[in-house]
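Below you'll find the structure, written out as structure tokens, and then a few comments.
Here is how names work: the chains are called A, B, and so on, in the same order as the sequence lines, proteins then strands, and each is numbered from 1.
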Amino acid sequence: MNPPDYQISRNAFGHLVLTRAGGERHENVVPIRAFPIAAPGEGVSLVGQDGEELAWIERLDDLDKRTRDAIEEDLALREFVPVIARLKRVSTFATPSTWLVDTDRGETSFVLRGEEDIRHLGQNALLISDSHGIQYLIADLPALDKHSRRLLDRFL
Amino acid sequence: MPTLQIPPLPFATPLPEHWQSEAQHMLGVKAKVQTWAEVDLDDRLNFGLGIIVLGDGRLVARAPNEPDWQTWELTGDLSLKHFDHAGVGTLELSDSVKRLKVWRYTLSQNLAILRLITEFDLQVRSLRAGHPVTRSSEEICPKCKTPLEPGADECAICTHELHTPPSTWTLFRLWRFAKPYRGQLLAGFLLMLGSTAATLIPPYLTMPLMDEVLIPFQSGADIDPWTVAPYLGGLLGAAVISWSLGWAKTYILAIVSERIGADLRTTTYEHLLQLSLEYFGGKRTGDLMARIGSETDRICVFLSLHLLDFATDVLMIVMTAIILFSINPWLALVTLAPLPFIAWLIHLVRDKLRTGFEKIDRVWGEVTNVLADTIPGIRVVKAFAQEKRESQRFREANRHNLIVNDRLNKTWSLFSPSVSLMTEIGLLVVWAFGIWQVARHDITVGMLTAFLAYIGRFYSRLDSMSRIVSVTQKAAAGAKRIFDILDHVSNVPEPTNPVPFESVKGQIELREVGFRYGNRSVIRNLSLTIQPGEMIGLVGHSGSGKSTLVNLICRFYDVTDGSIRVDGIDVRSLRVADYRRHIGLVLQDPFLFFGSIAENIAYGKPDATRQEIIAAARAAHAHEFILRLPLGYDSLVGERGQGLSGGERQRISIARALLINPRLLILDEATSSVDSETEKEIQRALDNLVAGRTTIAIAHRLSTLHKADRLVVMDRGEIVEVGSHDALMAQKGAYHRLYEAQARNVDGGPVSRPEGNMDRAKHEPA
Ligand SMILES: Nc1ncnc2c1ncn2[C@@H]1O[C@H](COP(=O)(O)OP(=O)(O)OP(=O)(O)O)[C@@H](O)[C@H]1O
Ligand SMILES: [Mg+2]
């Protein structure tokens, strides 16, 4: 793996800046994962203000720590897919239904507009979009507790 | 404290109780809360509740999951910006050199945040200019920029987000459809009462037959035909009455239920047609088809057959119970004893069955979805030789169907035999108790036989009654899925007081329009005014939001922010059909319906004369090729327009748009699939037709837009340039680059897909 020919830093407005070896500077660079769910560790693209790709990172692990931390920090703020750990309550089994859930980002409630907003990802994972377009992940269906599974089962 | 005199907002929603004292303390005791917004995510995007409060000249905030408040005095160099990605909004407070604070929130808070920004900008602007804040007397909705009614604190147009779930008593809601037939239903019910009563006569007659005829005969007495005859006559009469009443009842009720089913089906379909494209975008065709087709049918069968049987059974049980009690209360009590057990058993299994049946319905939808996916896409499947995979997918869906069914059948198969077992045991008890009572001379043998005859029927009905559980649950599940459609409020709702829309000038005004597909922001802060009769050429890279903008103007979707006005009227306050009548639309991928060419051209104006149809076809340069078809204008077009080339389809859809003589003409890549020669011809025809109409034309081949009064260049959902061809060329900006890239391509080598060129052009240094 060749070391990258660019430097990543953060400006006073808190945005990433990419500086090429030749001194060319790109402000407001945004990192985007190519496969946020299927392969989060691989394939990150650094995209400039106008949506053009500035650099492609095959694997995040190949980067030096400082750059990787900066990129991961930004990625963490761009990617908001709370993982549901428990379904506490659902307002009704018909839709729209308000769900009260525990996620890895704390407790929250959201409105599920219809059953088709629950999508299967592979064998055991589910992706649920709420009425505001936020996506919640259930990573491993069988691993949920019984109560949650029973509630969820009514929608599947 | 700043001493700005700020008139209060007329409709500030009060700050929630739990923030009040602290916020007031931070703002200063006398300071007024101008506006506020809650934020529900912290810096690491964990859920939590925080607040931002804007007073006069001071912003105070407490971030989620943090104990302390922060304060900023407003100065002229502060700015508050927001953007969103993947459902998370970000609000940034910066001064001219650095960022001071970031807040994150889910889009549920968006409206409050927008209101906060509006107020913030107002105050900062006045600080910068050095004069006091002046609010316009006209209050504007922060979301759609429509002036609000005086005194209203919420915009009538924007607040239609309803999240009330349908009630679970769905089957009762079918009453709405049954109501028109209540006369027939009542008649049916009375007939049912009569026929059921008639069926209960024969067992009653066994009693005297036994006690007065058979048993005396066994003890040596003769049989007197004159005692027997009336009883036998009674048996026959009861049978005949019950037959004729039963026939009338079944006939009336079957007719009614068929009508109810049909009403349900058409109502659902009509409602479905009213729903917005957004709804269809999220649904699978197969699923919708299953709902409207088979679910309504199932409900109909339920009403005509099962519900009827059930009602008969209940009547019968009640009547039997009364008769039994009148004969002998003790034996009656013993006979009816298993009833509560059975009821309990039914209750136990019911929930399980219902959810099971709902599941089966959904899985069944999956199976049809696979079909609805592959059959229209069969060419792709074959082209890539993926028949195996598709059949695998179908097999998989079927397997899933089997699994779900198997699981349910486990419960279900146990259920019926259990009920039968109970009834057998019940009979046994009655025999035992009856014999004992006969031995004690409490009852006669005839009574016991009558009892046994009654409960034989009675229990056999119980068994079939238990079946009602499953069919009811199935029907309820079906009804729920139907009402899911019926309860869906259209995302492009009809206004309650539509503004009349008759004589249209055709001025279109886009005010700070923003639009999202789900959480994907596609159009951002776009403002544009199109004069009546003006022709606008819309250009830009593939995916820059041109078609989306057209969808918004046609009101296939409603804008997320801002508003679209036609002749100064918000399109949301017009009746959708009134509005669309004035729009002629030619889509990027034209869709033709199954039917003749003439019917397709006249789609928007079914009463068009043949002359009109031909004139429109001529104008669209479709006339000649249509004449070459074997049946001319009467030639049939296959489903989705198969049997016509892409360019031919396009020309028919142009003719279709021209026929309605619209004030607004929208051409989305109307000539992308025809050769340059034909294109020139259509272009010439269009040039005449465009005259006097407000036209929005999208084209990748920039040369087709030479007639446009103004060109609007879009890039990633925003307008980057507006002007005439010459002006834009002189400007040497985005349009210039697009144009150059195309011109170069035309000069050298074959012309390839224009989009491709543009994408490349985008990265070229200017
Ligand atoms: N139904 C949809 N759901 C989600 N995103 C969509 C939907 N339709 C379009 N988009 C996205 O919106 C953006 C704008 O699409 P649009 O169709 O308006 O582009 P366009 O400018 O017409 O492109 P083209 O020139 O290729 O027709 C694209 O990025 C597209 O992926
Ligand atoms: Mg398009």
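- For A:Arg105 (side chain) and B:Phe47 (main-chain N/O), no donor-acceptor pair under 3.5 Å exists by modelled atom type.
- Only the side chain of B:Arg104 comes within less than 4.5 Å of a heavy atom in chain A; its backbone stays farther off.
- With a 4.5 Å cut-off on non-hydrogen atoms, B:Val97 touches chain A through its backbone but not through its side chain.
- Heavy atoms closer than 4.5 Å to chain A are found nowhere in B:Leu100, neither backbone nor side chain.
- The two atoms that bring B:Arg44 and A:Ala76 nearest to each other are NH2-CB, 4.0 Å, heavy atoms only.
- For A:Thr103, the part lying under 4.5 angstrom from a heavy atom of chain B is the side chain only.
- Heavy atoms from other residues, nucleotides or ligands lying under 6.0 Å from CD of A:Gln7 number 12 at most.
- Summarising the local packing, CZ of A:Phe35 is surrounded by 12 or fewer heavy atoms from other residues, nucleotides or ligands at distances under 6.0 Å.
- To the nearest 0.5 Å, atoms OG1 (A:Thr108) and CG (B:Leu41) are separated by 8.0 Å.
- For chain A, the nearby part of B:Asp43 is the backbone; its heavy atoms alone come within less than 4.5 Å.
- Environment of NZ in A:Lys88: crowded, with over 12 heavy atoms of neighbouring residues, nucleotides or ligands closer than 6.0 Å.
- Contacts between A:Asp104 and chain B at a heavy-atom distance below 4.5 Å involve the backbone alone (N, CA, C, O).
- Contact tally against chain A (heavy-atom pairs below 4.5 Å) for B:Leu45, B:Thr106, B:Val404: the top residue is B:Leu45.
- Interface remark: B:Asp95 contributes backbone atoms only to the contact with chain A (heavy atom separation under 4.5 Å).
- Counting heavy atoms of neighbouring residues, nucleotides and ligands inside a 6.0 Å radius, atom CH2 of A:Trp99 exceeds 12 of them.
- For the residue pair A:Gln49 and B:Arg716, the shortest heavy atom distance occurs at O-NH1, 3.3 Å.
- Proximity of the aromatic rings of B:Tyr105 and A:Phe80 is defined here by a centroid distance below 6.0 angstrom, and this criterion is not met.
- Open room surrounds CZ on A:Arg66; 12 or fewer heavy atoms of other groups in view lie less than 6.0 Å from it.
- Taking a 6.0 Å sphere around CZ of A:Arg89, one finds it holds 12 or fewer heavy atoms contributed by other residues, nucleotides or ligands.
- Between chain B and the options A:His15, A:Gln135, A:Glu79, A:Glu107, heavy-atom pairs under 4.5 Å are most frequent for A:His15.
- Annotation for A:Arg10: atom CZ counts as buried by contact number, over 12 foreign heavy atoms lying within 6.0 Å.
- Closest heavy-atom contact between B:Ser108 and A:His132: CB-NE2, 3.3 Å.
- Nearest heavy atoms, B:Ser96 versus A:Phe13: O-CZ, 3.6 Å.
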